[in-house]
Amino acid sequence: QVQLVESGGGLVQAESSLKLSCAASGLTFSDYAMAWFRQNPGKDRQFVASINWNGGTTDFGDSVKGRFTISRDNAQNQVYLQMNSLKPEDTALYYCAAKREHCHHRNPNKYNIWGQGTQVTVSA
């Protein structure tokens with residue numbers, strides 16, 4: 001079945017780095033644009049980053065621009081989120097999402113496949 005599995009989260013100190021990975025299975029990965037979102041309890045899901053089908057274009061939320069990068073490896077069916085200079089406000093459950101179109105989008109409602117999430121906690 002179609003599945004997205006995130007990994008790489010953890011507890012880190014402010015200014016540290018983490019790299020999240022999302023492994024896709026059960027789909028033709030290159031047919032999908034991919035994105036990362038994050039969410040805290042009681043809050044809306046927030047756009048973090050997205051990437052088109054071949055990695056040619058990317059987009060970032062304003063709060064992470066310049067600190068996070070997104071990349072993908074279509075041969076390995078993986079998408080990554082490199083997070084640098086982490087801040088306590090980056091603390092959240094991070095989700096990987098896929099949409100079966102080549103172009104990416106900031107709106108979470110455009111994505112129809114979601115992982116279970118990986119927790120990132122940044123201490124001050």
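Every value quoted in this text rests on a predicted model; they were computed, and no experiment measured them.
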Query raised in the report: Say you draw a straight line from NE2 of His105 to CG of Asp59; how long is it, rounded to the nearest 0.5 Å?
Result: 10.0 Å
Query - Set of side chain to side chain donor-acceptor pair (under 3.5 Å) partners for Lys43, sequence neighbours left out - result: none
Query raised in the report: Residues two or more places apart in sequence or in another chain: which of them pass side-chain contact (heavy atoms from CB on, under 4.5 Å) with Thr58?
Result: Ile51, Phe60, Ile70
Requested in this report: Mind checking side-chain contact (heavy atoms from CB on, under 4.5 Å) for Thr57 and listing every partner two or more places apart, or none if nothing turns up?
Outcome: Asn52, His104
Query - From NZ (Lys110) to NZ (Lys99), nearest 0.5 Å - result: 7.5 Å
Query raised in the report: Taking all non-hydrogen atoms of both residues, which atom of Ala24 and which atom of Leu4 are closest, and how far apart?
Result: CB-CD2, 3.6 Å
Report task. Can you see which heavy atom on Leu93 is nearest to which on Gly117, and at what distance? Result -> CD1-C, 3.8 Å
Query - Interatomic spacing from CD in Gln119 to CZ in Arg38 - rounded to 0.5 Å - result: 11.5 Å
Which donor-acceptor pairs under 3.5 Å do side chains of residues 10-20 form with protein atoms, sequence neighbours excluded?
| from | atom 1 | to | atom 2 | distance (Å) |
| --- | --- | --- | --- | --- |
| Ser16 | OG | Gln13 | O | 2.8 |
| Ser17 | OG | Asn84 | OD1 | 2.9 |

**Report entry** With Glu6 via side chain to side chain donor-acceptor pair (under 3.5 Å) - residues at least two apart
**Finding:** none
Requested in this report: Would you list the pairs meeting ring pair (Phe, Tyr, Trp, His ring centres under 6.0 Å) in which at least one residue belongs to residues 17-50, sequence neighbours left out?
Outcome: Phe37-Phe47, Phe37-Tyr111, Phe37-Trp114
Requested in this report: Name all residues meeting the side-chain contact (heavy atoms from CB on, under 4.5 Å) criterion together with Arg67; count only those two or more places apart in sequence or in a different chain, and write none if there are none.
Outcome: Val64, Ser85, Lys87, Asp90
Requested in this report: Of all the heavy-atom pairs spanning Ala92 and Asn40, show the shortest one and how long it is.
Outcome: CA-OD1, 3.3 Å
Query raised in the report: Do we get Arg45 above Tyr95's six-membered ring, with its NZ or CZ under 6.0 Å from the centre and within 45° of the axis?
Result: yes
Query raised in the report: So which residues get pulled into Trp53's cluster when ILVMFWY side chains under 4.5 Å apart are joined, directly or through others?
Result: none
Requested in this report: Give the cluster check for Phe68 versus Val122: same hydrophobic cluster or not, with ILVMFWY residues linked at side-chain heavy-atom distances below 4.5 Å.
Outcome: yes
Report task. State plainly whether one hydrophobic cluster holds both Val48 and Val120, where clusters connect Ile, Leu, Val, Met, Phe, Trp and Tyr through side-chain heavy atoms under 4.5 angstrom apart. Result -> yes
Requested in this report: Would you mind listing every disulfide (SG to SG under 2.5 Å) that reaches into residues 36-81, with sequence neighbours excluded?
Outcome: none
Query raised in the report: When you look at Ser30 and Asn74, which way does the side chain to side chain contact (heavy atoms under 4.5 Å, CB included) test go after all the steps?
Result: CA-CA 6 Å; Ser30 59; Asn74 284 354; 3.7 Å; yes
Query raised in the report: Any chance CD of Gln116 has more than 12 other-residue heavy atoms, nucleotides or ligands included, within less than 6.0 Å?
Result: no
Query - Student check: side-chain heavy atoms of Arg72 and Gln78 closer than 4.5 Å - result: no
Query raised in the report: Listed by chain and number, what are the side-chain contact (heavy atoms from CB on, under 4.5 Å) partners of Val2, not counting sequence neighbours?
Result: Leu27, Ile113
Query - Euclidean distance, Ser25 OG relative to Gln1 CD, rounded to 0.5 Å - result: 7.0 Å
Requested in this report: Name all residues meeting the side chain to side chain donor-acceptor pair (under 3.5 Å) criterion together with Asp44; count only those two or more places apart in sequence or in a different chain, and write none if there are none.
Outcome: none
Report summary line: Smallest heavy-atom separation, Leu81 atom then Ala49 atom, equals CD1-CB, 4.0 Å
Query - Close side-chain approach of Gln76 and Ser21, heavy atoms under 4.5 Å - result: no
Report task. Working to the nearest 0.5 Å, report the span between CG of Asn77 and CD of Gln3. Result -> 12.5 Å
Requested in this report: Sort and list the pairs that fulfil disulfide (SG to SG under 2.5 Å) and have at least one residue in residues 76-124, not counting sequence neighbours.
Outcome: Cys22-Cys96
